[in-house]
Amino acid sequence: MHDELKKIEKAACDEIPGAKNRDTLDDLKIKFLGRERGALTLILRGLKNLPAPDRKTAGEEANRLRGVVEELVKKKLNELKKTELDSILKKEWLDVTRPGVKKERGSLHPITRVRREVEQIFCSMGFSVVEGPEVETEWYNFDALNIPKDHPARDMWDTFWLKTERGMWKVEGGTGKVFGGTGHTLRSTFHNLLLRTHTSPVQIRYMQKHNPPIRIIAPGRVYRYEATDASHDIQFYQVEGLLIDKNISIANFKAVILEFFKKMFLKEVKIRLRPSYFPFVEPGFEVDLSCIVCGGKGRAPRSLGEGGCSVCKKTGWLEMMGAGMVHPKVFEAVGYVPGNQQGFAFGVGLDRITMMKYKIPNIRLFHSGDLRFLKQF
Amino acid sequence: MKFSYNWLKEFVPFRESPEKLAELLTLRSFEVESVEKVHGDWLLNVALLPNRIPDASGHIGIAKEIAAVGNYKVKEKVLETKKYSSGIARQMLDVQIEKGADCARYVALVIDGVRVKESPEWMKKRLELLGLQSINNLVDAANFIMLETGQPLHVFDYSKLDLNNNENRKREFQISKFQIQNKLKTIVVRRAKKGEKILALDDKEYALSPEILVIADSKNPAAIAGIKGGKDSGVSSETRTIVLEAANFDPAAIRGGSKILGIKTDASYRFEHGIDPNLSDFAMRRLADLILRLSGGESKGMIDVYPKKVEPTKRAFRIEYANRLIGEDIPREFYLRSLTNLGMRVEEKNRSELIVEIPTVRRDIVCEEDLIEEAGRLYGYEKISAKLPDGVYVPSEGNSELFLENKIRDIASGFGFTESYAYEFTGDRELEDFEESALLSVELGNPTSPETKYLLRRPLTKYVRQVSENLRHFDSVKLFGIAKSFSLDHVTDQRHGLVERKQLVLAVAEKGESGEGLFYELKGAIDGILEALGITEHIYGDVFEPGKGKDDQGLRMFHPHRAATIRIGDESIGMIGEIRPAVLERMKTKARVTAVQIDIQSLTRLVEDESEYRQISKYPTIIRDVAVIVPFNLKMETVLNVIENAGGEMLVDTDLFDYFYDEDMRHNDKKSLAFHLKFESADRTLTDKEVNAIMEKIVTSLETRDWAVRK
């Protein structure tokens, strides 16, 4: 009996691990453990014919062997399952280099993207974003900004005027609604209307309603009556900035604007202020930014000719904005007490920043509606 | 404005190379746009600031500026001139200013015995360098001194001025016999009379009007004051006696005249920016010196009509305020020195305050801040160290409208729409293309072209056009944008309003699409956007319902059976529709285009910021489907209403999942609608039996309307 068991054990140990597939394993399982004719079953069945002492040892032996065989089968089965699964998965191979299913993705206009960045940077410095109407009165666009009628400074802004045949116009405060009329008696209180030539009128509107301290930016569309070319269009976009408090200085302006440019172009940049003239600021300056392409090194001697930076035209500087300390006449126009406040204002072209950031060569692409252009952003 | 490097050096002994000088001026004064080497000299192209024309539009002015910013001394000796007495000029010429406001000063000088000839080489070269054509020694001298001093000058031929032989005039001016013998002539600064004409030096005849200031003799205009000389009174080769003019005209009058006549000259440009009346006599003496040197002759004397002498003004300069505005502690001594270098007379009122006398040539300096700018730029803006402003940063105010717009942009682009910008202008042709009337359009007074005649009233048209144009390169196009709409709003005949509002526009097109699919795609996009904003109560109504929607007149561009107004309650917030094929044909588009416009301002009021959590039902939901065949033109909404009415409160949601018709059904005017119906109770588990009963009710109510329920 013992020998027989040994034989079975050897056979099982030899055969089961070698099973090629589940069917052979099932056959082997039946061969050894089958209820009817399994080798072990037969042994166990034959136990009752043995003498009592032998029966006990043989029984224990046979049961142990049963455990061993079952374990072998189980192990083999797991092994086979795994291989089978592997081969199924293998058949399920897919080509990871085949393109994914196209998802329609829209995009935002590059100016919108830049405008958002600008807004974010200034908001993080405590500025609020405000807007104003694009059709403005002459007073808001010029007079209140210390650009009186018949002053040659008005030539700095080529203006689209609204037709006056329908009469002069009057603005209803804050509603974005403007009323016009033809009645002669109304003329004195009515104004000429125009398309705002800059976002500066928003300063005036805001100051009329708020007292200092003021920290605002006013992004928006502006218009100029001029011939269009690759860098000029009849409508474009500006951001106006205004910071008013008790002691705001040029030094403060430099710091705020430097922060802005650093965050906008994500690099160390330098700025320089040049004296300039805008009637609504005094002192007034033009702000140059160290060229973001050549890092301000473009200042090659003229004799070098073609070799220099084409973005800054070899000057190392890019003209970025007009700015200055708010003129007392402007404070007077909005009804502030003289001497109670000081601050700076600036205006920066969104188109220009966008064109620089994305290296866009022609301003007119912005209004082309051409998907081949728009899809790139 | 162009300046000669060599010429500037004649007045100030600066050491800077042309490039260095350009840099110095750019950083301290005004931008030098280019430096160009020409025939042993350098041409500096200076972008003179408009408020610095009065003092810096001549070489002497720039030289003084260089002296101030570079710490040099002007060679005073070079600026010396001879003295000219009044002589007998008063007997030869009477100068009158009709209206004091038009002309602050008129200096005239008579020279007899001049010889008109070519200018010397050195002068020709210099004028040429600066872009002026040499004419003869007299005219060139006047131009030369203008370039030197910034004062425009003019030369008249005395013999060509009309004689004063009018008896009344003689009496009027109490002219003596002696004067008559000396052939007294007159120069009047006056407004032109209606109908007067002048043949100018450019050989063109100009019709004059009372807005235009002229220099006239006793009869006719001899020159357009401050703008252009007259041909008849000009210098010719026979000229022997001349009258030189150095005047100061009212900037507004010159600006007005120059605009009306359409003439801009070196002289008018300077005058319209205003120049210093105290400059006239200096410029006149420089000119007389030069002419006597170049052409010989003899001065008959100078006449100076200057009724109200302009005196320098004084301004207080508070050092503490200057430092506070600049943001840097600049020593008092610096302020004292720099203001003095700029030609100001500075008194020390006390330790903290200066009294500054501003030379009249600096017409740009009016207030204390102007003086601070002068000192600041001389100090050097680059030396001011950047300091962030003090004080607590108050969190910025949110802007709900912008927040909304940004959200809309994000959702729309997420739905596959690309944002596009459009011009805010339109013209008659575009309006006609879209069958839009110009009645409510805002018209421009000075359009740049017929395409900018009006402000855009319906931005949707621009996007429809952009979408069609893109079809040349793409099979499918989805654009959106937020644009301004400008329109007139008639209040009464006498009063009308102008309304400026923001609109959201979406437009889609796809080659080979029937249009039906596009409509529902766009409608889905709008529903998605509105839902994300918390707006669900909007409805789509028929366009041509009489009396609804004020904006009917724009609807001609839409397909009559594929358009709807979008409303919330009684308020119309927008329109959606397929563009009428005839309109698309005009744009050469074969594909269908569908577009929607939504008024952003209306949305702002309706948006719900706060959404609240709703309890999820503890009891299971039972879903049943129902499919019904209805007449083709019956609105889905009508069917839904029937179902919902019959379904009662247990029917919590309905969802159209199939909208179907085949050719056969279309022919028979039928379509099939299939709905998922969701039943739920808030307080118990519904049984099949209960739901079956409700379903039966629904089916019955559908069938009583003769709609076949598919079973």
Side-chain angles (χ1 to χ4, degrees), chain A residues 104-109 111-112 123 125-130 133-135 150 152-153 156 160-164 169 176-183 225 234-235 243 245 247-252 254-255 258 272-277 282-283 285 325 328 342 366-367 369-372 374-375, chain B residues 26-27 29-31 49-51 252 255 272-273 324-328 367 369-370 372-373 376-377 381-382 384-389 393-394 396-397 399 402 409 412-413 416-424 442-446 448 466 470 473-474 477 484 486 494-500:
Chain A
E104 232 183 325
R105 184 186 68 94
S107 58
L108 296 179
H109 195 280
I111 291 181
T112 299
C123 284
M125 292 195 272
F127 285 73
S128 303
V129 185
V130 298
E134 290 169 31
V135 169
D150 291 324
M156 294 163 77
F160 275 112
W161 296 91
L162 265 53
K163 203 164 187 173
T164 47
W169 302 78
K177 227 175 179 183
V178 184
F179 283 103
T182 47
Y225 177 85
I234 53 174
Q235 72 184 42
L243 198 160
D245 209 333
N247 296 313
I248 298 302
S249 64
I250 299 177
N252 295 149
K254 280 182 87 171
L258 198 60
R272 81 174 182 187
L273 309 188
R274 281 187 287 113
S276 192
Y277 170 63
E282 193 68 39
F285 18 78
M325 307 307 292
Q342 59 192 54
F366 289 140
H367 296 111
D370 192 334
L371 266 179
R372 291 170 299 171
L374 297 169
K375 278 269 183 212
Chain B
T26 296
L27 285 180
S29 313
F30 13 65
E31 194 185 2
L49 297 171
N51 62 338
R255 184 174 151 81
E272 71 176 46
H273 284 85
R324 180 151 50 93
L325 197 64
I326 294 173
E328 187 89 3
C367 57
E369 288 78 7
D370 293 325
I372 294 173
E373 171 171 68
R377 67 186 177 89
Y381 291 141
E382 74 280 2
I384 303 169
S385 41
K387 297 175 199 85
L388 279 169
Y393 282 20
V394 180
S396 59
E397 271 172 55
N399 184 323
L402 287 180
R409 285 193 178 97
S413 60
F417 288 80
T418 295
E419 189 187 19
S420 177
Y421 286 11
Y423 285 108
E424 290 286 347
V442 180
E443 202 172 337
L444 287 162
N446 57 337
T448 50
Q466 288 185 354
N470 272 305
H473 307 286
F474 297 89
V477 183
K484 278 272 170 86
F486 302 89
Q494 291 288 299
R495 276 167 67 80
H496 48 255
L498 187 155
V499 188
E500 175 181 333

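Below, chain A is the first sequence line, B the second, and so on; all start at residue 1. Keep in mind the model is a prediction, meaning the values are calculated, not measured.
- Nearest approach of A:Leu371 to B:Asn470, heavy atoms of both residues: N-OD1, 2.8 Å.
- Annotation: the span from B:Glu31 atom CD to A:Arg274 atom CZ amounts to 4.0 Å, rounded to 0.5 Å.
- A:Gln235 contributes atom CD, which lies 6.0 Å from atom CD of B:Glu424 (distance to the nearest 0.5 angstrom).
- With chain A as partner, the option from B:Arg255, B:Arg377, B:Gln466 having the largest number of non-hydrogen pairs under 4.5 angstrom is B:Arg255.
- With a 4.5 Å cut-off on non-hydrogen atoms, B:Ser29 touches chain A through its backbone but not through its side chain.
- Proximity to chain A (any heavy atom under 4.5 Å) is shown, for B:Tyr423, by both the backbone and the side chain.
- Side-chain atoms of A:Glu282 never come within 3.5 Å of backbone atoms of B:Glu373 as a donor-acceptor pair (strictly under, hydrogens ignored).
- For B:His273, the parts sitting under 4.5 Å from any heavy atom of chain A are the backbone and the side chain alike.
- Considering OH of B:Tyr381 and NZ of A:Lys254, their distance stands at 10.5 Å, rounded to 0.5 Å.
- Closest heavy-atom contact between A:Pro275 and B:Leu49: O-CD1, 4.1 Å.
- Of all the listed residues (B:Asn446, B:Leu402, B:Ile326), the one sharing the greatest number of non-hydrogen pairs under 4.5 Å with chain A is B:Asn446.
- What you find for B:Ser385 and A:Ala251 is that their closest heavy atoms are O-CB, 3.3 Å.
- Between the B:Lys387 side chain and the A:Ser249 main chain, no donor and acceptor come within less than 3.5 Å of each other.
- By number of non-hydrogen pairs under 4.5 angstrom with chain B, the leading residue of A:Ala255, A:Gly126, A:Cys123, A:Ser276 is A:Ala255.
- Interface check for chain A: of the options B:Thr448, B:Ile372, B:Asn399, the most heavy-atom pairs under 4.5 Å are formed by B:Thr448.
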Could you walk me through whether A:Leu162 and B:Leu498 satisfy the side chain to side chain contact (heavy atoms under 4.5 Å, CB included) test, starting with their C-alpha distance in whole Å, then the side-chain angles of each, then the deciding distance to 0.1 Å, before giving a yes or no? CA-CA 11 Å; A:Leu162 265 53; B:Leu498 187 155; 3.6 Å; yes
Report the C-alpha separation of A:Met325 and B:Glu369 in whole Å, then their side-chain angles, then the decisive distance to 0.1 Å, and conclude whether the side chain to side chain contact (heavy atoms under 4.5 Å, CB included) test is met. CA-CA 9 Å; A:Met325 307 307 292; B:Glu369 288 78 7; over 6 Å; no
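- Distance CZ/B:Phe417 to CD/A:Glu104: 8.0 Å, rounded to 0.5 Å.
- With a 4.5 Å cut-off on non-hydrogen atoms, B:Arg409 touches chain A through its backbone and its side chain both.
- Ring orientation note: the planes of B:Tyr421 and A:His109 are close to parallel, at an angle under 30° on the 30°/60° scale.
- The distance from the OG1 atom of B:Thr418 to the CG atom of A:Asp370 is 11.5 Å, given to the nearest 0.5 Å.
- With respect to chain B, the highest number of heavy-atom pairs below 4.5 Å among A:Leu258, A:Ile248, A:Val129, A:Leu374 belongs to A:Leu374.
- At distances below 3.5 Å, not a single donor-acceptor pair connects side-chain atoms of B:Glu419 with backbone N or O atoms of A:Thr112.
- In this structure, chain B has a heavy atom under 4.5 Å from the backbone of A:Phe366, while its side chain stays farther away.
- If you measure heavy-atom distances from A:Arg105 to chain B, the contacts under 4.5 Å come from the backbone alone.
- In this structure, chain A has heavy atoms under 4.5 Å from both the backbone and the side chain of B:Glu272.
- Residues A:Gly369 and B:Ser420 come closest through the heavy atom pair CA-OG, 3.3 Å.
- Interface remark: A:Leu243 contributes side-chain atoms only to the contact with chain B (heavy atom separation under 4.5 Å).
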